[in-house]
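Remarks on the structure that follows.
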Amino acid sequence: MSPASAPRRALLLENIHPDAVAGLEKNGYAVETVARALDEDELIARIAGVDLLGIRSKTTVTDAVLAAAPDLLAVGAFCIGTNQIDLASASERGVAVFNAPFSNTRSVVELVIAEIIALTRRLVDKNTGMHAGVWDKSAEGSHEVRGRRLGIIGYGNIGSQLSVLAENLGMSVFFYDTADKLALGNARRCSSMEELLATVDVVTLHVDGRPGNSGLFGEAEFARMRPGSLFLNLSRGFVVDHQALRSHIESGHLAGAAIDVFPNEPRARGDEFVSELRGLPNVIMTPHIGGSTEEAQQDIGQFVAGKLHDFVSTGNTSLSVNLPPVSLTSQDGGHRLTHLHRNTPGVLATINSVLADHEVNIEGQLLGTRGDLGYVITDIGSQYTSDVIGQLRDLPTTVRLRLLS
Ligand SMILES: NC(=O)c1ccc[n+]([C@@H]2O[C@H](COP(=O)([O-])OP(=O)(O)OC[C@H]3O[C@@H](n4cnc5c(N)ncnc54)[C@H](O)[C@@H]3O)[C@@H](O)[C@H]2O)c1
């Protein structure tokens, strides 16, 4: 950690939104920014003495990076995914990892709404025709979305918010989710994907990326969709068989599609985009931009910076992607200990007996576990001695102990 009087240090890479910098500086951090990703060696060279690390998707936080950062308290992934971080190593070292799981939800939902209307009005074909000099005022095949039936597969953050907005446009909403979900507004739950496919005019996928969802939607599912219906996928590329989608568009069974995510996406800007869906009529393709808006970037910056500071100042881990989720309201004027430990029987009793042996009274306490780890936040009213801290730190189960005040 930085010397007692020095401010805590935050290193933010990859052009993270200025609101994150401002938020951390306002809370007293010395923030260094780097506009690009750093490779492993560069990061190792810079990370000693850093308390908070902020990255986006292009910096890899390896075990070697974490080993070179003994003071590191938390890593902020200013994005959604956290595959670029060695989460097991971070947990082993008591480093909390946070991301922004729903900062771009609204952006995705707005794009879905725009695409449903665009496809229902055949705007893609009209626009392509106009650029080719074709003036076609025909209403054939163009519809209002009002009164049409929308089927949402995956009723999580995105699916449920889409449900609300679509209903406000006058659509009838049906959904299917493998988990029990509260139906919002007048939305109706379907008991199977087959039931949903047989019912609706527009099918949109918003499932998560669990391995079991690979190939979720293929020839059999497209065949079950009602003739003339529309298909959208803004969730994960590997969920859909694009060859099957192509044949159902070409046969005229489906009236159109909007696809934002692909099984094989180009790695870098400028690389060729290869897909079975190129050149099809009434098919909108976008380069994985469902969540890419300036508003989402700003929200991610504010949200993750807030989570990092909250963890440093209170020890609270709610929404951490790797540590046990624990959130205890702070009491004025007291002291707080946080103890990350191996999740074995009796740890809490041992901690409390150390405190009791030193006549330290517990004023608030909360324990959470996640896999092999347990995490307990303890508020105490009286001052603690270095002896108490030494004994807690030396427990064989201790992974990391922090004293917050
Ligand atoms: N296109 C983009 O830029 C973009 C941006 C953000 C999120 N996403 C993706 O959108 C998807 C949804 O995001 P979210 O935040 O709503 O996720 P979420 O975890 O809140 O919701 C996913 C829902 O899908 C359900 N589900 C999972 N598998 C299912 C299945 N086989 N059948 C039915 N329901 C199933 C889950 O129970 C859950 O309710 C994710 O895959 C996410 O990666 C894409």
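Every number for a ligand or one of its atoms is a count from 1 in the order of the listing. Please read these numbers as outputs of a predicted model, since none were measured by experiment. We count residues from 1, following the sequence as given.
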- Kindly indicate, with the supporting measurements, whether the criterion side chain to side chain donor-acceptor pair (under 3.5 Å) is fulfilled by Tyr155 and Ser163. CA-CA 8 Å; Tyr155 204 64; Ser163 172; 2.7 Å; yes

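The line from CZ of Arg342 to CD of Glu92 is 4.5 Å long, rounded to the nearest 0.5 Å. From Leu254, atom CG reaches atom NE2 of His248 across 7.0 Å, with rounding to the nearest 0.5 Å.
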Please output the side-chain donor-acceptor pairs of residues 181-188 that fall under 3.5 Å, not counting sequence neighbours, one pair per line with the distance.
none

Side chains of residues 108-121: which donor-acceptor pairs under 3.5 Å do they make with residues two or more places apart or in other chains?
{"residue": "Glu110", "atom": "OE2", "partner": "Arg106", "partner atom": "NE", "Å": "2.8"}
{"residue": "Glu110", "atom": "OE2", "partner": "Arg106", "partner atom": "NH2", "Å": "3.4"}
{"residue": "Thr120", "atom": "OG1", "partner": "Ile116", "partner atom": "O", "Å": "2.5"}

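With sequence neighbours excluded, the residues that form a salt bridge (charged side-chain N to carboxylate O under 4.0 Å, His left out) with Arg226 are Asp201.
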One pair per line, please: each N/O atom of ligand 1 matched with every protein N/O atom under 3.5 Å away, atom names first, then the distance to 0.1 Å.
{"residue": "ligand 1", "atom": "1 (N)", "partner": "Leu234", "partner atom": "O", "Å": "3.1"}
{"residue": "ligand 1", "atom": "1 (N)", "partner": "Asp260", "partner atom": "OD2", "Å": "2.8"}
{"residue": "ligand 1", "atom": "3 (O)", "partner": "Gly290", "partner atom": "N", "Å": "3.3"}
{"residue": "ligand 1", "atom": "3 (O)", "partner": "Gly291", "partner atom": "N", "Å": "3.0"}
{"residue": "ligand 1", "atom": "15 (O)", "partner": "Asn157", "partner atom": "ND2", "Å": "3.3"}
{"residue": "ligand 1", "atom": "16 (O)", "partner": "Asn157", "partner atom": "N", "Å": "3.2"}
{"residue": "ligand 1", "atom": "16 (O)", "partner": "Ile158", "partner atom": "N", "Å": "2.8"}
{"residue": "ligand 1", "atom": "20 (O)", "partner": "Asn157", "partner atom": "N", "Å": "2.9"}
{"residue": "ligand 1", "atom": "20 (O)", "partner": "Asn157", "partner atom": "ND2", "Å": "3.2"}
{"residue": "ligand 1", "atom": "28 (N)", "partner": "Asn213", "partner atom": "ND2", "Å": "3.0"}
{"residue": "ligand 1", "atom": "31 (N)", "partner": "Asn213", "partner atom": "OD1", "Å": "2.8"}
{"residue": "ligand 1", "atom": "34 (N)", "partner": "Thr178", "partner atom": "N", "Å": "3.3"}
{"residue": "ligand 1", "atom": "37 (O)", "partner": "Asp177", "partner atom": "OD1", "Å": "2.6"}
{"residue": "ligand 1", "atom": "39 (O)", "partner": "Asp177", "partner atom": "OD1", "Å": "3.4"}
{"residue": "ligand 1", "atom": "39 (O)", "partner": "Asp177", "partner atom": "OD2", "Å": "2.6"}
{"residue": "ligand 1", "atom": "39 (O)", "partner": "Lys181", "partner atom": "NZ", "Å": "3.2"}
{"residue": "ligand 1", "atom": "41 (O)", "partner": "Val207", "partner atom": "O", "Å": "2.7"}
{"residue": "ligand 1", "atom": "41 (O)", "partner": "Arg236", "partner atom": "NE", "Å": "3.1"}
{"residue": "ligand 1", "atom": "43 (O)", "partner": "Arg236", "partner atom": "NE", "Å": "2.8"}
{"residue": "ligand 1", "atom": "43 (O)", "partner": "Arg236", "partner atom": "NH2", "Å": "3.1"}

